[in-house]
> 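What follows is a single structure, and I will ask about it in a moment.
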There are 2 protein chains.
Amino acid sequence: MKIGALARKTGTTAETIRYYERTGLLEEPPRTAGNYRDYGPTELARLRFIRRARDLGFTMAEVRQLLSLSDDPSQSCEAVDSIASLHLREVDRKLGDLRKLRTELRHMVDDCQHGAVGECRIIEVLAG
Amino acid sequence: MKIGALARKTGTTAETIRYYERTGLLEEPPRTAGNYRDYGPTELARLRFIRRARDLGFTMAEVRQLLSLSDDPSQSCEAVDSIASLHLREVDRKLGDLRKLRTELRHMVDDCQHGAVGECRIIEVLAG
DNA sequence: ATGCACCTTGTAGTGGCTACAAGGTCAAGC
DNA sequence: GCTTGACCTTGTAGCCACTACAAGGTGCAT
């Protein structure tokens, strides 16, 4: 499988895959006679893993850790749980922040009387 | 007022203020005899405006627009309202995404039996 | 005179991609 | 066999909003 096909199968782009390779998240695959990257099911699975973790908001560093943990199936999954739980707490914090922010924005927009900028509530709030 | 004092009054850093100047968000202030930036209440108000807008999640480009709109108080505030409403919708979208993400993460972490990595639900979910 | 906090400019790095440019490869159609 | 066009290659630079230096200048207290 060439890079474009792998990209289509994983909802990525060839550029992103090459970027993952550059940064060491993916290993260098074998090449065809014409110097094209040649991917098999192992790489497909690894990239799917990476994309799922990234879609769940894990950072590249966390993905790296999760990958190396998943490579040693006999180990305790404590470390995995701790990465995921930490991330969950982080997401909760962000949710809280975003909800507060939404409330403020909502008030601001609701109070706008659609008049002149001079008495615009939005501008007033921002100007303090 | 020197840059450090302005930074403390606005919850920023001198670096960020200089960055805003470089990118044209703030104008170049007058200088003291020793070539130090010398800020007055106008610049303080402008920076406060910028920080409030940034804290509400507006991008630098949006802040730029809001600033130039607020400079012309006789204009209709339609444009201001549209920037803010668009941003509100964007925040709503992000909130939705984050809530979905949180649910998935929560399930993943809750299902983890704290055993070996080999049968870790978190890794299984990621591996698909 | 010395120390120290603060300031100056300039450059480079962060994360996670994304967007080129300039050229090589390969299968299909004529 | 020759062209077209889709795909691939490497390399470099850009995005956002900062952040982190390095190397040197200023200003005030001791």
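Side chains are part of it too, since the values below use all heavy atoms of this structure and drop only hydrogens, waters and symmetry mates. Below, chain A is the first sequence line, B the second, and so on; all start at residue 1. Treat the numbers as computed from the prediction; the structure is a model and nothing was measured.
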> Restricting both atoms to N or O, compile the protein contacts to nucleotides 28-30 of chain D shorter than 3.5 Å, with distance only.
none

> Other residues, nucleotides and ligands only: do more than 12 of their heavy atoms fall within 6.0 Å of CD on Glu78(A)?
no
> Okay, side chain of Glu104(A), backbone of Leu101(A): is any donor-acceptor separation there less than 3.5 Å?
no
> Distance-only, no hydrogens or angles: does the His87(B) side chain make a donor-acceptor pair with backbone N or O of Leu56(B) under 3.5 Å?
yes
> Mind checking the CG-CG spacing from Leu88(B) to Leu105(A)? Nearest 0.5 Å is all I need.
5.5 Å
> Run the side chain to side chain contact (heavy atoms under 4.5 Å, CB included) test against Lys2(B) and tell me which residues pass, sequence neighbours left out.
Tyr36(B)
> Any side-chain to backbone donor/acceptor pair from Glu43(B) onto Pro41(B)? Under 3.5 Å, distance only.
no
> According to salt bridge (Lys or Arg N to Asp or Glu O under 4.0 Å), who are the partners of Arg48(A), at least two apart in sequence or on a separate chain?
none
> Does the pair Glu21(B) and Arg37(B) meet the rule for a salt bridge (charged side-chain N to carboxylate O under 4.0 Å, His left out), with working shown?
CA-CA 11 Å; Glu21(B) 186 183 312; Arg37(B) 285 169 181 81; 2.8 Å; yes
> At a heavy-atom distance below 4.0 Å, which nucleotide of DNA chain C is the first touched by chain A, and which is the last?
dG16(C) to dC26(C)
> Specify the residues of residues 88-103 of chain B, ordered by number, for which at least one heavy atom lies under 4.0 angstrom from an atom of DNA chain D.
none
> Using a 3.5 Å cut-off and no angle test, enumerate the donor-acceptor pairs between side-chain atoms of residues 117-128 of chain B and protein atoms at least two apart in sequence or in another chain.
{"from": "Arg121(B)", "atom 1": "NH1", "to": "Glu124(B)", "atom 2": "OE1", "distance (Å)": "3.1"}

> Tell me which residues in residues 46-65 of chain A put a heavy atom below 4.0 Å from DNA chain D, sorted by number, or none.
none
> When you measure from the side chain of Asp81(A) to the backbone of His114(B), do you find a donor-acceptor pair of N or O atoms at a distance under 3.5 Å?
no
> By the salt bridge (Lys or Arg N to Asp or Glu O under 4.0 Å) test, which pairs, at least two apart or in different chains, include something from residues 50-64 of chain A?
Arg51(A)-Asp55(A)
> Are Arg31(B) and Asp38(B) close enough, and set up right, to give a salt bridge (charged side-chain N to carboxylate O under 4.0 Å, His left out), and what steps lead you there?
CA-CA 5 Å; Arg31(B) 300 288 183 129; Asp38(B) 189 19; over 6 Å; no
> So what stems show up for DNA chain D if we need 3 or more Watson-Crick or G-U pairs in a row, all under 3.5 Å?
C:1-30 with D:1-30
> Listed by chain and number, what are the salt bridge (Lys or Arg N to Asp or Glu O under 4.0 Å) partners of Asp97(B), not counting sequence neighbours?
Arg93(B)
> Can you list every pair that meets side chain to side chain donor-acceptor pair (under 3.5 Å) and has a residue in residues 5-15 of chain B, with sequence neighbours left out?
Thr10(B)-Thr12(B), Thr13(B)-Thr16(B)
> Give, ordered by number, those residues of residues 12-36 of chain A having at least one heavy-atom distance below 4.0 Å to an atom of DNA chain D; if nothing qualifies, reply none.
Arg18(A), Arg31(A), Asn35(A), Tyr36(A)
> Mark yes or no for whether Ser85(B), through its side chain, and Ser82(B), through its backbone, hold a donor-acceptor pair below 3.5 Å.
no
> Could you tell me whether the side chain of Arg46(B) and the main chain of Leu25(B) form a donor-acceptor pair under 3.5 Å?
yes
> Would you give the length of the straight line joining atom CD of Gln65(A) to atom CZ of Phe58(A), rounded to the nearest 0.5 angstrom?
10.5 Å
